[in-house]
Each structure stands twice: as C-alpha cells, then as structure tokens.
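Read the structure below first, then the notes.
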Amino acid sequence: MKTSTVLSSIIIFLFNIAFLVSSASIPDQCKIPANLKVQYQRVSRAAIGNNFLLPVERAPAGSKQNSQTDGDKTCPTSPSSSDIIRERSTCPWYLNITHDSTVFPPSRTEAVCRCNGCFDSDNNHECVMVYTPMTVLKRTDECVDGLYVYKPKVIEVATACACARKADTRNVDGDDDYES
C-alpha cells in the first residue's frame, strides 16, 4: 500500500513539474496599446491634417497586405487638363496605399511616378519622387505588462513626383558614377 502511495505521489509530482515547465515556455501574448493614437499625436504634429495618413478606421486589416492604388498607373501620352494636380503635373503620379501593422499609423499613402520622362521637356530631365520625412511609431520586440512597446522612428514617404534635371554622369573605369 505504501509503495503505491509513494508511486502515485511521484507521478503527480512529475506531472506538476512537466506542466509548470511546459506552461513557462508559452510566451505571453502581447497586445497593441489602446492609447497608440494619443502616443502618436504626442510625438508627431504632422499627424494632424496630414493627407498621407489614413485614419485607423479606414486602414485595411491584417499585418502586411498587398497595396491598394488610387489613380491610373499608366503614363499618359499627353498632359491632362484635370483639376487634380497629380494628374496634370509634368510628372504625373498615382497613389499607393500601403499597410504595415508593425508601425502606427498602420496605413499611409505614397506617391508613385507614372512616367520616366517629363512632359514638355527635353531628354535631360526625368521624373523623380519627392520624399517627406514622417515620424511613425515602430513596434519593437519588447513586451511590457502584456503590451507592445513602440518607439518613434522617422521614415521617408514619397509625397509627389517632380521634373528634375538628370544627374550628371561620368564614366570611370567602365563604372557609372552619379553626381548631383
């Protein structure tokens, strides 16, 4: 009788240790903080009135989805007389809406040039993207009290396309070097 009691106690003890070890290896589920919008507004005044950010309600769900576009992607054969500046520009562009759940705001709109060359220009000019720095909150791998930790990070966002003189090139040993 004593042997079976001791054996039962050992089995229960080993079961409890196995349960504690296995439950300790399960990582805590980290969640997105509820006050992320407030945190963002504290670090970036650009969030107010910035048309290149999408409200969280309009942001597509998911982590990294395929981008969505707004506007014609093809290069037009002649300048447009549209009221929309991105269509009547000498370097027209369309808008690409991207989503990345590892940053806040998770969705942003970026410009993409529709043409390589400029309208009403010679071959010495080309369409280039104009970049604007934007502060976002980037999620880190850190989890504190069950919440992800976000840190401010400045990223470059394409906001328009412009006609610019091509960079001068010179050939040194067969390699092309560019000068601005």
Side-chain angles (χ1 to χ4, degrees), residues 32-140 148 150-172 174-180:
I32 296 173
N35 67 342
L36 210 50
K37 187 173 183 179
V38 173
Q39 288 180 34
Y40 179 73
Q41 288 172 339
R42 285 185 190 146
V43 298
S44 175
R45 293 186 183 164
I48 301 169
N50 189 334
N51 293 332
F52 289 91
L53 302 177
L54 291 177
V56 178
E57 305 81 49
R58 288 187 51 203
S63 57
K64 287 195 177 187
Q65 293 189 342
N66 293 335
S67 57
Q68 302 169 352
T69 57
D70 181 21
D72 186 4
K73 288 184 177 182
T74 61
C75 183
T77 55
S78 63
S80 172
S81 60
S82 171
D83 289 338
I84 302 170
I85 194 164
R86 66 185 161 99
E87 292 178 5
R88 64 183 162 94
S89 171
T90 56
C91 282
W93 67 89
Y94 65 92
L95 299 175
N96 195 35
I97 303 167
T98 58
H99 181 76
D100 181 355
S101 66
T102 65
V103 297
F104 186 89
S107 294
R108 66 183 171 274
T109 305
E110 297 188 68
V112 180
C113 299
R114 291 169 57 188
C115 305
N116 292 326
C118 311
F119 286 125
D120 302 330
S121 180
D122 55 28
N123 288 338
N124 293 326
H125 291 79
E126 63 185 344
C127 291
V128 295
M129 287 194 272
V130 177
Y131 291 90
T132 303
M134 174 191 290
T135 302
V136 296
L137 293 175
K138 176 72 175 158
R139 185 171 69 206
T140 66
Y148 286 116
Y150 286 77
K151 303 270 184 190
K153 180 179 179 182
V154 176
I155 61 171
E156 296 289 319
V157 177
T159 53
C161 291
C163 185
R165 185 175 52 84
K166 287 184 179 178
D168 294 329
T169 61
R170 60 189 163 112
N171 194 335
V172 178
D175 294 330
D176 286 336
D177 293 331
Y178 295 94
E179 297 176 354
S180 50

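Not measured: the values here are computed from a predicted model. Computed over heavy atoms, backbone and side chain alike; hydrogens, waters and symmetry mates excluded. Counting from 1, the numbers follow the sequence of the chain as shown.
Smallest separation of non-hydrogen atoms from Pro106 and Ser101: CB-CA, 4.5 Å. Of all the heavy atoms in Val136 and Tyr40, the pair that sits closest is CA-CE1, 3.9 Å.
Within the 4.5 Å cutoff, the side chain of Pro76 has heavy atoms near those of the Cys115 side chain. Looking at heavy atoms from C-beta onward, Val112 lies out of side-chain contact with Trp93 at the 4.5 angstrom threshold. Side chains of Pro92 and Arg86 form no contact here, defined as non-hydrogen atoms less than 4.5 Å apart. Side-chain atoms of Leu137 and Pro152, non-hydrogen and from C-beta on, do get closer than 4.5 Å to each other. Ser89 has its side chain out of reach of Phe119: every pair of non-hydrogen atoms, C-beta onward, lies at least 4.5 Å apart. Put simply, the side chain of Lys166 does not reach to within 4.5 Å of the side chain of Asn124, judged on heavy atoms. For the pair Asn96 and Thr109, the minimum side-chain heavy-atom distance is 4.5 Å or more. Under the 4.5 Å side-chain criterion, counting only non-hydrogen atoms from C-beta, Thr98 is in contact with Arg108.
Because its NZ or CZ atom is not both nearer than 6.0 Å to the ring centre of Tyr94 and within 45° of the ring axis, Arg114 does not count as a cation-pi partner of that residue.
Applying the disulfide bond (SG atoms under 2.5 Å apart) test between Cys163 and each of Cys127, Cys91, Cys118 identifies Cys118 as the sole match.
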*Verify side-chain contact (heavy atoms from CB on, under 4.5 Å) between Gln39 and Phe104, making sure each step is shown before the conclusion.*
CA-CA 10 Å; Gln39 288 180 34; Phe104 186 89; over 6 Å; no
_Residues Leu36, Tyr150; criterion side-chain contact (heavy atoms from CB on, under 4.5 Å); working and verdict_ = CA-CA 9 Å; Leu36 210 50; Tyr150 286 77; 3.6 Å; yes
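For the residue pair Thr102 / Lys138, a side-chain donor-acceptor distance below 3.5 Å is found, with atom types taken as modelled.
The NZ atom of Lys151 sits 14.5 Å away from the CZ atom of Arg139 when rounded to the nearest 0.5 Å.
Counted within 6.0 Å of CG on Asn35, heavy atoms from surrounding residues, nucleotides or ligands total more than 12; the atom is thus considered enclosed. Atom CG of Asn116 has 12 or fewer neighbouring heavy atoms from other residues, nucleotides or ligands inside a 6.0 Å radius.
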